[in-house]
Amino acid sequence: RFFPNITGLPPLPFSKNGTLAPWDAFTKFAGCRSGEKRDGLAKLKQYFNEFGYIQNAPSNFSDDFDDELEKALRVYQQNFNLNVTGELDDQTLQKIVLPRCGNADIVNGTTSMNSGKSASFHTTKHFHTTEH
Amino acid sequence: FTFFPGTPRWPDHRQDLTYGFADQLTDEVKAVFARAFEKWSAVTPLTFTPTDSYILADIKIGFFTGDHGDGEPFDGVLGTLAHAFSPTNGRLHLDGAEDWVVAGDVRTSPLPSAVDLESVAVHEIGHLLGLGHSSDENAIMYPTISSRTRKVELGSDDVEGIQYLYGSNPNYNGSTSTTSTHERETSDGGVRD
């Protein structure tokens, strides 16, 4: 649906069918941490799998907050400049539910964004830009 | 800035690229994409020309809903907005279920799910040209964008990334609308690339 004129937008309460955005349900996991089990946590794991944070996805994710989810969460928090807590804190959940590009942040296990930058890479670029 | 694995780019003999649309779009919508391409051509030697031949176009743009055959189904309103493939694939897909705003100030939209088309187009073109996602929140290549938000100007991180791949446009004067490299490095101690 295209809206060529902003004044033509219908004043609906949220999305056009009144439902929540796909990831809004994740906000119910606020405060969830390693060792816990919550209904629907498997969907969050699918989210992290979709964007490259969990590799080698099983046929079915469990609802357990396991080590794999904590690891994915830490990398995500690093990539998005969040406090790296390994927990589903409010700040992290607010970022997760935002609309986003469907391309993965980590492609074929090759880390990118903040989490993929090694110390040597930083050093090289730092010297280069300083000299320049 | 980041690149796709293997750092794919459009080769030197394919830098004058054409783009076509899978859908019958209005001139106003097409103009949004033209402006988005201009952001990248302004800072690189790349050129982008519209063509009526979707099949023959280097860059193929289409709006799709749900499962549209590339293994990356769209999910309805908000969530995933669009995706694009690395060079030289050329496919740029947008979620047809979104409430795309093509003109006016999206920030004042009465519809909370309104998404600015040009903002998403500029980001996805970055992928088409070889850029991955950036952790720099000022960068166009940052992965998330809130609804009712407009963000169309390349950041210095985007410019450095794309010029690493293709070099600079001879007419580029080195300025971007966001924080300059010098300012950013001063503010964070020069640690980040």
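Every chain is numbered from 1 and lettered A, B, ... according to where its sequence line falls, protein lines coming before strand lines. All values below were derived from every heavy atom in this structure, side-chain atoms included, with hydrogens, water molecules and symmetry-related copies excluded.
Residues A/Asn81 and B/Ser135 form a side-chain contact, since some pair of their non-hydrogen atoms from C-beta on lies under 4.5 Å apart. Using a 4.5 Å heavy-atom cutoff, the side chains of B/Asp75 and A/Trp23 are in contact. Inter-residue side-chain proximity for A/Phe80 and B/Pro143 is flagged as met; some heavy-atom pair is nearer than 4.5 Å.
Between the OG atom in B/Ser146 and the CZ atom in A/Arg100 there is a gap of 13.0 Å [rounded to 0.5 Å]. The distance from the OH atom of B/Tyr142 to the CG atom of A/Asp105 is 9.5 Å, given to the nearest 0.5 Å. Rounded to the nearest 0.5 angstrom, B/Phe4 CZ and A/Asn103 CG are separated by 5.0 Å. Going from atom CZ of B/Phe1 over to atom CE of A/Met113 covers 14.0 Å, rounded to the nearest 0.5 Å. Here CG of A/Asn114 is found 8.0 Å from OG of B/Ser134. Values are rounded to the nearest 0.5 Å.
Put simply, B/Leu92 and B/Ile162 are part of the same group of oily side chains (I, L, V, M, F, W, Y) that touch within less than 4.5 Å, one to the next. B/Phe85 and B/Tyr19 fall into different hydrophobic clusters, defined by Ile, Leu, Val, Met, Phe, Trp and Tyr side-chain heavy atoms under 4.5 Å apart, directly or through other members. In terms of hydrophobic clustering, with Ile, Leu, Val, Met, Phe, Trp and Tyr side chains grouped at heavy-atom distances under 4.5 Å, A/Val84 and A/Tyr53 are assigned to different clusters. By the criterion of side-chain heavy atoms lying less than 4.5 angstrom apart, applied directly or through intervening Ile, Leu, Val, Met, Phe, Trp or Tyr residues, B/Phe74 is not grouped with A/Val97; the two fall into different hydrophobic clusters. Cluster membership for A/Leu41 and A/Val75, using ILVMFWY side-chain heavy atoms within less than 4.5 angstrom, is shared.
Residue A/Lys37 qualifies as open at atom NZ: its count of foreign heavy atoms under 6.0 Å is 12 or below. Counted within 6.0 Å of NZ on A/Lys95, heavy atoms from surrounding residues, nucleotides or ligands total more than 12; the atom is thus considered enclosed. Crowding of A/Lys71 atom NZ: a count of heavy atoms from other residues, nucleotides or ligands under 6.0 Å not exceeding 12. Atom CZ of A/Arg33 sits in a sparse spot, with 12 or fewer heavy atoms from other residues, nucleotides or ligands closer than 6.0 Å. Counting heavy atoms of neighbouring residues, nucleotides and ligands inside a 6.0 Å radius, atom CG of B/Asp70 exceeds 12 of them.
For B/Phe3, no part lies under 4.5 angstrom from a heavy atom of chain A. Looking at A/Tyr47, there are no atoms closer than 4.5 Å to chain B (heavy atoms on both sides), in backbone or side chain.
For B/Ser147 against A/Pro99, the heavy-atom pair with the smallest separation is N-CG, 4.1 Å. Contact detail for A/Pro22 and B/Gly79: the closest heavy-atom pair is CD-N, 3.7 Å.
Contacts between residues 116-133 of chain B and chain A, defined by a heavy-atom separation under 4.5 Å, are made by B/Leu117, B/His123, B/Glu124, B/His127, B/His133.
The main-chain N or O of A/Leu98 is never found under 3.5 Å from a side-chain atom of B/Thr144 such that the two would form a donor-acceptor pair.
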